Amino acid sequence: MALDELKSAIPDYAKDLKLNLGSVIGNSDLPQQQLWGTVLACAITSRSPHVLRELEPEAKANLSPEAYTAAKSAAAVMAMNNVFYRTRHLLSDSEYGTMRAGLRMNVIGNPGVDKVDFELWSFAVSAINGCGMCLDSHEQVLRKAGVDRDVIQEAFKIASVIQAVGVTLDAEAHLA
């Protein structure tokens with residue numbers, strides 16, 4: 001199992017990450033599609049080759065082809081949106097917020113999977129990328145759709161652990 005391989009690569013000083021990785025993925029209450037779509041989108045967003053290499057095959061095995069593509073699409077479109085909207089938010093000139101974005105984001109309107117799943121994956125990616133505007137926007141859509149806070153928190157727990165594992169393993173690779 002790739003998850004076990006990934007956990008075994010985590011150094012002893014990051015034992016909490018090892019335990020948390022097993023917990024947020026191995027003991028998640030999320031439905032399989034929500035869980036593995038979140039895992040895949042976050043693994044891509046972590047930018048860690050090691051994390052992606054270990055988690056992608058299991059995600060692919062647990063997702064329909066449509067969900068697999070949609071999770072990758074969430075990571076891709078949110079990589080763009082998180083930079084754009086975070087920048088708008090951080091600029092002190094509020095006029096930028098009134099300007100037309102002019103960026104294509106068609107996949108958000110038609111992701112090929114349940115809209116709630118895609119929103120959850122987009123939310124998790126936004127957590128890693130630190131875009132407050134995107135986090136608020138996706139959280140509001142999820143809450144309006146009846147998604148409990150526990151589910152939303154589960155997504156950002158997965159995001160935080162996958163990101164931390166990626167940072168740790170990449171640091172170790174560079175230090176070796």
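Source: prediction; values computed, not measured.
Partners of S126 according to the side-chain hydrogen bond (donor to acceptor under 3.5 Å, both in side chains) rule, which considers only residues two or more places apart in sequence or in another chain, are N82. Shown here are the side-chain contact (heavy atoms from CB on, under 4.5 Å) partners of R53, two or more places apart in sequence or in another chain: P49, H50. For A101, the side-chain contact (heavy atoms from CB on, under 4.5 Å) criterion is met by F84, Y85, R88, M105, not counting sequence neighbours. With sequence neighbours excluded, no residue satisfies side-chain hydrogen bond (donor to acceptor under 3.5 Å, both in side chains) with N81.
For the atom pair CG of L3 and CD of E58, the computed distance is 6.0 Å after rounding to the nearest 0.5 Å. Atom OG in S46 sits 8.0 Å away from atom CG in L55 (nearest 0.5 Å). Note that CZ of F123 and CD of E139 are 6.5 Å apart. Values are rounded to the nearest 0.5 Å.
The nearest pair of heavy atoms linking S122 to H138 is CB-CE1, 3.5 Å. For the residue pair L40 and A59, the shortest heavy atom distance occurs at CB-CB, 3.9 Å. Residues A41 and V125 share a closest heavy-atom pair of CB-CG2, 3.7 Å.
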Enumerate donor-acceptor pairs with a distance under 3.5 Å from any side-chain N or O in residues 108-118 to protein atoms, sequence neighbours excluded.
{"unit_1": "D114", "atom_1": "OD1", "unit_2": "V116", "atom_2": "N", "d": "2.8"}
{"unit_1": "K115", "atom_1": "NZ", "unit_2": "I108", "atom_2": "O", "d": "2.8"}
{"unit_1": "K115", "atom_1": "NZ", "unit_2": "E119", "atom_2": "OE2", "d": "3.2"}
{"unit_1": "D117", "atom_1": "OD1", "unit_2": "Q34", "atom_2": "NE2", "d": "2.9"}
{"unit_1": "D117", "atom_1": "OD2", "unit_2": "Q33", "atom_2": "NE2", "d": "2.7"}

Side-chain donor-acceptor contacts of residues 148-160 below 3.5 Å, not counting sequence neighbours, with atom names and distances?
{"unit_1": "S160", "atom_1": "OG", "unit_2": "F156", "atom_2": "O", "d": "3.2"}
{"unit_1": "S160", "atom_1": "OG", "unit_2": "K157", "atom_2": "O", "d": "2.9"}

Check residues 166-176 and write down every donor-acceptor pair under 3.5 Å in which the side-chain atom is one partner and the other belongs to a residue at least two apart or another chain.
{"unit_1": "T168", "atom_1": "OG1", "unit_2": "A164", "atom_2": "O", "d": "2.8"}
{"unit_1": "D170", "atom_1": "OD1", "unit_2": "S48", "atom_2": "OG", "d": "3.0"}
{"unit_1": "E172", "atom_1": "OE2", "unit_2": "Y13", "atom_2": "OH", "d": "2.7"}

Donor-acceptor pairs are to be reported for all side-chain atoms of residues 63-73 against protein atoms at under 3.5 Å, with residues two or more places apart or in another chain.
{"unit_1": "S64", "atom_1": "OG", "unit_2": "E66", "atom_2": "OE1", "d": "3.4"}
{"unit_1": "S64", "atom_1": "OG", "unit_2": "A67", "atom_2": "N", "d": "3.0"}
{"unit_1": "Y68", "atom_1": "OH", "unit_2": "E56", "atom_2": "OE2", "d": "2.6"}
{"unit_1": "T69", "atom_1": "OG1", "unit_2": "P65", "atom_2": "O", "d": "3.1"}
{"unit_1": "S73", "atom_1": "OG", "unit_2": "T69", "atom_2": "O", "d": "2.9"}

Let me have the donor-acceptor pairs involving side chains of residues 14-29, under 3.5 Å, with sequence neighbours excluded, atom names and distances please.
{"unit_1": "N20", "atom_1": "ND2", "unit_2": "D16", "atom_2": "O", "d": "3.1"}
{"unit_1": "S28", "atom_1": "OG", "unit_2": "L30", "atom_2": "N", "d": "3.0"}

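Through direct or indirect side-chain contacts shorter than 4.5 Å among Ile, Leu, Val, Met, Phe, Trp and Tyr, M99 is connected to L91, Y96.
A heavy-atom distance below 4.5 Å is not found between the side chains of Q163 and C42.
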